[in-house]
Amino acid sequence: MRISVIGCGYLGAVHASAMAELGHEVVGVDIDAAKVAELAAGRPPFFEPGLAEILTSATASGRLRFSTDIADAADAEVHFVAVGTPQSAGTNAADLSYVDAAFAALAPHLADGALVVGKSTVPVGTASRLAELLAAVAPQAEVAWNPEFLREGFAVRDTLEPDRLVYGVRDPGGDGRAASVLDRVYRAAIEAGAPRIVTDYATAELVKVAANAFLATKISFINAMAEIADVTGADVTALADAIGHDARIGRRFLNAGVGFGGGCLPKDIRAFTARAEELGRGESLAFLREVDAINLRQRQRVVDLAVAALGGQVHRKRIAVLGVTFKPESDDVRDSPALDVAVQLKGLGADVVATDPEGIENARARHPQLDYVSSTREALRGADLVVLVTEWREYRALDPVDSARLVAGRRIIDARNVLDAAAWRAAGWELRGIGRP
Ligand code: UGA
């Protein structure tokens, strides 16, 4: 099929490459000329495992092109809109200006029967508003909403092998045209057994934010348990293992620590709360404010543990911060708890030395005041305190005996509860986890 993808960020660049990998003819459009040039040369402008391989092969095959000119999308039968919906400056609501601009820019170029498919995460009600707008200026086209559930770090696999497909269509009981077009796009996934849910616009929009709200709630739930464990001497990891054996609860997303960050969970729960308030149902989602508050408290908790580990004297103390991205296998530092902790410690007067396998460039662009080093050993050298805040494999595998030889003081905060506490203590380290005795 001929497909366009409008917006080539973490979502769009992966979607465009994956669609070409499936055999479609794809054009990716973005207003950022530098990003388009990189992508066109087959180089991912960000770190995502497996993306370079499919991007290079698809651009070399000629099935994938990139452009800054939306007119180059005119031939496509299906247009995916994958632009960002960040938090608005000064409010909790989503900023829809990029989505609105993408629809407005596409409208004059839509062929007869074109399907415009929203992938961006939007407040409920957006799809029907945009469908009405499009009906006035491009009645030959139709709108569908097809939320994306990919995780950074697994984005290529999640796109090629989605665990479900959700189509929000204008009339779920109607002719089924939009759904059958999407079925052709996703034929490979459907044949592989991916469940497919065809529903109305509002439900599709809500599925996306409900999923992220549930995941955020699960993480804050276990972090709240960690807070109680901290004052009672209980162990939150054993608690998570024990409740996780209940299939109704499940062990995944029950890792206590410095909390969630990234470009999705934090802003999505805030935008969802703001939308509920607009709809007069603020009380229904009031708990998400608590989820957010518990989450932000974890960052403070890690800073407090660091200060306590140094006996209250942080000024001029050398602190090695391991990790700046919001999770491993990503270079994304948007709303990163790790970076937030590093910045707060620096603000308290510590000599912070931060390191990360992939995130340093993005972190430096946002926080040039921190010192960054690319090697873990260099970060550890002479440190009075080590704070592990992003659980990259390399940090999980650190050897406590070898690391002890590098530091000035054997103190470590395991803000992701991933280290073998007994082994580290046996090597003479003072180790503090989150919600662990
Ligand atoms: C999240 C969702 O998982 C995806 O399904 C969704 O498509 C995506 O947002 C989106 O809306 O685009 P992502 O932001 O890539 O994906 O990251 P997650 O794997 O969900 O992790 C989010 C944060 O939660 C990370 O900071 C991670 O460290 C933290 N986390 C995760 C915990 O603190 N504890 C856990 O047990 C699990």
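Each ligand, and each atom within it, is numbered from 1 in the order the structure gives. No experiment lies behind these values; they were computed from the predicted model shown.
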Next on the checklist: Please list the nearest protein heavy atom to atom 30 (N) of ligand 1 with its residue and the distance rounded to 0.1 Å.
Outcome noted: I219 CD1, 3.4 Å
Checklist entry - So which of F154, F253, F260 gets nearest to atom 20 (O) of ligand 1, if we judge by its closest heavy atom? => result F253
Next on the checklist: Counting only heavy atoms from other residues, nucleotides and ligands, does the tally under 6.0 Å from CD of E361 exceed 12?
Outcome noted: no
Checklist entry - Are any of the heavy atoms in G262 under 4.0 Å away from ligand 1? => result no
Checklist entry - For ligand 1, which atoms, with element, lie under 4.0 Å from some heavy atom of L254? => result 36 (O)
Item to check | Side chain to side chain, V321 and V353, heavy atoms closer than 4.5 Å | outcome: no
Checklist entry - To which of N212, T390, D335 does the heavy atom nearest atom 2 (C) of ligand 1 belong? => result N212
Item to check | Taking atom 3 (O) of ligand 1 as the reference point, the nearest protein heavy atom with its distance | outcome: L215 CD1, 3.6 Å
Checklist entry - Could you walk me through whether D331 and Y10 pass the side chain to side chain donor-acceptor pair (under 3.5 Å) check? => result CA-CA 10 Å; D331 65 357; Y10 284 101; 2.6 Å; yes
Checklist entry - Among protein heavy atoms, which sits nearest to atom 6 (C) of ligand 1, and what does the distance come to when rounded to 0.1 Å? => result L150 O, 3.3 Å
Next on the checklist: Quick check on side chain to side chain contact (heavy atoms under 4.5 Å, CB included): which of T355, V386, V373 does L380 satisfy it with?
Outcome noted: V386
Checklist entry - Measuring from the heavy atoms of R416, does anything fall under 4.0 Å of ligand 1? => result yes
Item to check | Selection from K327, E152, R151 by shortest heavy-atom distance to atom 17 (O) of ligand 1 | outcome: K327
Checklist entry - Between NE2 of H79 and CG of L110, what distance do you get to the nearest 0.5 Å? => result 5.0 Å
Item to check | Axial cation check for F154 ring with R151, 6.0 Å and 45° limits | outcome: yes
Item to check | salt_bridge(D235, R436) N-O dist < 4.0 Å | outcome: yes
Next on the checklist: Heavy atom to atom 11 (O) of ligand 1, shortest distance: which of R334, K119, K208 holds it?
Outcome noted: K208
Item to check | Steps toward salt bridge (Lys or Arg N to Asp or Glu O under 4.0 Å) verdict (E227, R297) | outcome: CA-CA 10 Å; E227 292 180 329; R297 243 178 5 241; 2.9 Å; yes
Checklist entry - Under 4.0 Å from any heavy atom of E148, which atoms of ligand 1 are there? => result 7 (O)
Checklist entry - When you measure from atom 5 (O) of ligand 1 to every protein heavy atom, which one gives the shortest distance, and what is it? => result F149 O, 2.9 Å
Checklist entry - If you measure every N/O of C264 against every N/O of ligand 1, is any gap under 3.5 Å? => result no
Checklist entry - Any ion pair linking R270 and D335 (charged N to carboxylate O, less than 4.0 Å)? => result yes
Checklist entry - Is the shortest N/O to N/O distance between F326 and ligand 1 below 3.5 Å? => result yes
Checklist entry - Does ligand 1 have a heavy atom under 4.0 Å from the side chain of N255, from its backbone, from both, or from neither? => result both
Checklist entry - Of D183, T199, D200, which meets side-chain hydrogen bond (donor to acceptor under 3.5 Å, both in side chains) against Y167? => result D183
Item to check | Cation-aromatic face contact R170/Y201, 6.0 Å, 45 degrees | outcome: no
Checklist outcome for this item: Within 4.0 Å of some non-hydrogen atom of L265, the atoms of ligand 1 are 1 (C), 9 (O), 22 (C)
Checklist entry - Any heavy atom of G261 sitting closer than 4.0 Å to ligand 1? => result yes
Checklist entry - Roughly how far, to the nearest 0.5 Å, is CZ of F66 from SG of C8? => result 5.5 Å
Item to check | Heavy atom of T121, distance to ligand 1 below 4.0 Å | outcome: no
Item to check | N/O separation below 3.5 Å, P337 to ligand 1 | outcome: no
